[in-house]
Amino acid sequence: MVFRTRRLAVASVAAAAATALVAGCATGSGGSTSGADGDTLTLWTHNAGNSTELDVVKKIIKDFNGSQSKYKVKLQAFPQSDYNNSVVAAASARKLPCLLDVDGPNVANWAWGGYLAPIDVSGSEVPLSDQLPSTVGRYKDKVYAFGFTDVSLTFFARKSVLNDYDIRIPTIDKPWTKAEFDSALAKLKKSGKFEYPLEMGTGLIGEWYPYAYSPQLQSFGGDLINRDGYKTASGTLDGKKSVEWATWLGSLVKKGYLSKKSGADPNKDFLAGKSAIHWDGSWNAAKNADKFGDDLAIIPPVDFGNGPKIGGASWQWAMSSTCSNKAGAEAWLKFSRQTKYFVDYAKATGTIPAAEAAVKQVDGYQPGGKFNVFVQFARKFAVVRPVTPAYPYISTEFQKATQDILSGADPKDALGRAAKDIDNDLKSNNYYTG
């Protein structure tokens, strides 16, 4: 297997970091060793800083190791900020572990780059067909990864505030239109009670930008790239509908509806009453409900003309292409696909259970539950980010363009530059066809 190094999820890593990482890989090439206790497979995860989620991973590993004597899985957890660099360094040295997790949008890039192998989890307790489509990582019609949960974008608001200003509380069957949303923001701004009535995390960085804003772009009728072959962004990212979205986004700042750079914790500001409407993720739903109770409004995305849209795909589990014990790795992956673990993941993270059977067992998310609306959003509105190895580069260019637009740049120029740079990347990588 040849590992490609151009335009991977992390472009480059310092040699010293790579050397240190490889020196720490006790399993050796292939991520598997043999011993008296059976074959040992190393598993890497990004959630060292998330003890509740990490505890679920530890539980699955403990249960798997105790269920048989042929294989033993060994855990190595990294802080999320270091994880991608660690994977790239290990891949370049052919020292990847057998099992690893990957952020959903990067599956295509890592598969193309030679990091991942297709997986076969047929015969699992939970069939892939019973999962939310956004939680199964596919590339070129092959399955490379799967996730236990997903998250949903939503607007949070207080019903009492919306009622005070005669603003309709939208439903999943009748979301706000663009005209209604603009009118609502105008009313809230005019009240004088909110410096910025809308909060959309403009001070955040990284993957938040395509995750949060490209669904709005898509609802306008644009997209990050032409998905028919993934050969060009020109005419799509800088097309008429995309420019309309960008012009609208920039106007929110000009009208004082939205800060061009929010605080570090936008949800904290919403809880404090600094904003009236917050574009955020389902991960903050429980915290907001604890604060506002029945006054909390969980609102679907705005229909800007082409239907409401939200992002799809979160972290997923995969097997490395250099794993020397693929049977053992797939045994762990299949074992993990039990309904109880989908339930444990969802409860630990406060996110949407990816499996239908698990939805019924998670309080709040079951049919009729106060958070079941997020399951419906994920089913009806989710759009996965472009399934192309070029995605990490697309993500970076879109973030730059969006930040420029929020800072007052000409929308057509900003998107045009991004589209041109993406097209150049596609050409220089032979359109990622190798």
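All of these numbers come straight from a predicted model, not from anything done at the bench.
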message = For a quick check under 3.5 Å, do Thr232 and Asp423 share a side-chain donor-acceptor pair by atom type?
response = yes

key: Greater than 12 external heavy atoms within 6.0 Å of Lys334's NZ   = yes

remark   = When every non-hydrogen atom of Gly312 is compared with those of Ala382, the smallest separation belongs to CA-CB, 4.3 Å

note = Heavy-atom nearest pair, Ala346 first then Val362, reads CB-CG2, 4.0 Å

inquiry  = I want to know whether Trp112 and Tyr139 have ring centres closer than 6.0 Å.
reply    = no

inquiry  = For the OG atom of Ser407 and the NZ atom of Lys261, what is their distance to the nearest 0.5 Å?
reply    = 9.0 Å

Side-chain H-bond candidate by donor/acceptor type, Asn47 with Thr45, under 3.5 Å = yes

query = Are any side-chain N or O atoms of Gln316 and backbone N or O atoms of Gly137, one a donor and one an acceptor, separated by less than 3.5 Å?
reply = yes

key: CD1 on Ile119 to CG on Leu333, rounded to 0.5 Å   = 5.5 Å

request  = Please confirm whether Phe181 and Trp279 have ring centers closer than 6.0 angstrom.
outcome  = no

task = Any disulfide bond (SG atoms under 2.5 Å apart) involving residues 366-405? Give me the pairs, sequence neighbours left out, ordered by first then second residue.
result = none

task = Could you list the residues that satisfy salt bridge (charged side-chain N to carboxylate O under 4.0 Å, His left out) with Asp223, not counting sequence neighbours?
result = Arg227

key: Listed once per pair and sorted, the salt bridge (charged side-chain N to carboxylate O under 4.0 Å, His left out) pairs that draw on residues 146-158, sequence neighbours left out   = Arg158-Asp295

task = Would you name the heavy atoms of Leu415 and Ala246 that are closest together and state the gap between them?
result = CD1-CB, 3.8 Å

query = So, do Trp315 and Tyr345 sit near enough that their side-chain heavy atoms are less than 4.5 Å apart?
reply = no

Contacts of Glu207 that satisfy side chain to side chain donor-acceptor pair (under 3.5 Å) - sequence neighbours left out = Arg385, Tyr391, Ser395

message = Return the CD1 to CG distance between Ile225 and Leu426, rounded to the nearest 0.5 Å.
response = 5.0 Å

query = Do the non-hydrogen side-chain atoms of Leu237 and Ile394 ever get within less than 4.5 Å of each other?
reply = no

query = Is the NZ or CZ atom of Lys241 positioned over Phe220's six-membered ring, under 6.0 angstrom from the centre and within 45° of the axis?
reply = no

ask   = Would one find more than 12 heavy atoms of other residues, nucleotides or ligands at under 6.0 Å from atom CG of Asp290?
value = yes

Residue pair Val375 / Gln366, side-chain heavy-atom distance below 4.5 Å = no

Under 3.5 Å side-chain donor-acceptor pair for Asp182 and Tyr257 = no

query = Are any side-chain N or O atoms of Glu125 and backbone N or O atoms of Thr339, one a donor and one an acceptor, separated by less than 3.5 Å?
reply = yes

ask   = Is the ring centre of Tyr211 less than 6.0 Å from the ring centre of Tyr213?
value = no

Closest non-hydrogen atom pair, Lys174 against Arg168 = O-NH1, 2.9 Å

Check: Glu330 side chain, Asp120 main-chain N or O, donor-acceptor pair, under 3.5 Å = yes

inquiry  = Which residues pass the side chain to side chain donor-acceptor pair (under 3.5 Å) test with Trp332, not counting sequence neighbours?
reply    = none

inquiry  = Please check: side-chain N/O of Ser262 versus main-chain N/O of Thr202, any donor-acceptor pairing under 3.5 Å?
reply    = yes

message = Tell me which pairs pass salt bridge (charged side-chain N to carboxylate O under 4.0 Å, His left out) where either residue lies in residues 356-377, with sequence neighbours left out.
response = Glu356-Arg379

From Asn284 atom CG to Leu271 atom CG, the distance as rounded to the nearest 0.5 Å = 7.5 Å

key: Minimum side-chain heavy-atom gap Phe342-Gln131 below 4.5 Å   = yes

message = Going by the rule side chain to side chain donor-acceptor pair (under 3.5 Å), which residues pair with Lys291 if we only count those two or more places apart in sequence or in a different chain?
response = none

Ser242 (side chain) donor-acceptor with Thr236 (main chain) under 3.5 angstrom = yes

request  = Using modelled atom types only, decide if a donor and an acceptor are shared between the side chain of Tyr196 and the backbone of Ala276 within a distance under 3.5 Å.
outcome  = no

task = Specify the closest pair of heavy atoms between Phe374 and Ala285, including all atoms of both residues, with the distance to one decimal.
result = CE1-CB, 3.4 Å

task = May I ask you to test the Leu54-Leu75 pair for a side-chain heavy-atom distance under 4.5 Å?
result = yes

ask   = Would you say Asn372's side chain and Gly368's backbone share a donor-acceptor pair under 3.5 angstrom?
value = no

query = Where the side chain of Asp303 meets the backbone of Gly305, is there a donor-acceptor pair that is under 3.5 Å apart?
reply = yes

message = Treating Lys178 as the side-chain partner and Val302 as the backbone partner, does any N or O pair qualify as donor plus acceptor under 3.5 Å?
response = no

From CA spacing to verdict: side chain to side chain donor-acceptor pair (under 3.5 Å), Thr171, Asp173 = CA-CA 5 Å; Thr171 65; Asp173 295 321; 5.3 Å; no

key: Student check: side-chain heavy atoms of Leu43 and Leu41 closer than 4.5 Å   = no

task = Would you mind reporting whether Leu188 and Val161 have side-chain heavy atoms less than 4.5 Å apart?
result = yes

key: salt bridge (charged side-chain N to carboxylate O under 4.0 Å, His left out) partners of Lys326, counting only residues at least two apart   = none

query = With sequence neighbours excluded, what pairs up with Gln68 under the side chain to side chain donor-acceptor pair (under 3.5 Å) test?
reply = none

ask   = Can you name the residues that form a ring pair (Phe, Tyr, Trp, His ring centres under 6.0 Å) with Tyr365, not counting sequence neighbours?
value = Phe371

request  = With sequence neighbours left out, write down each residue that passes salt bridge (charged side-chain N to carboxylate O under 4.0 Å, His left out) with Glu397, or none if nothing qualifies.
outcome  = Lys400

inquiry  = Angle between ring planes, Phe270 versus His278, binned at 30° and 60°: parallel, tilted or perpendicular?
reply    = tilted

inquiry  = Any heavy-atom pair between the side chains of Phe146 and Val126 that's under 4.5 Å?
reply    = no

inquiry  = What's the separation between atom NE2 in His46 and atom CZ in Phe78, rounded to the nearest 0.5 Å?
reply    = 12.5 Å

task = May I ask you to decide if the ring planes of Trp110 and Tyr83 are parallel, tilted or perpendicular, using 30° and 60° as cut-offs?
result = tilted

ask   = Do Lys59 and Asp63 sit within salt-bridge range, that is, some charged N less than 4.0 Å from a carboxylate O?
value = yes

task = Give a yes or no on whether the backbone of Ser219 and the side-chain of Trp245 come within a donor-acceptor separation of less than 3.5 Å.
result = no

Shortest non-hydrogen contact between Ala348 and Thr52, atoms and distance = O-OG1, 3.4 Å

Spatial distance of atom CG (Leu296) from atom CZ (Phe156) [nearest 0.5 Å] = 6.0 Å

Salt bridge (charged side-chain N to carboxylate O under 4.0 Å, His left out) against Asp404, all qualifying residues, sequence neighbours excluded = Arg417

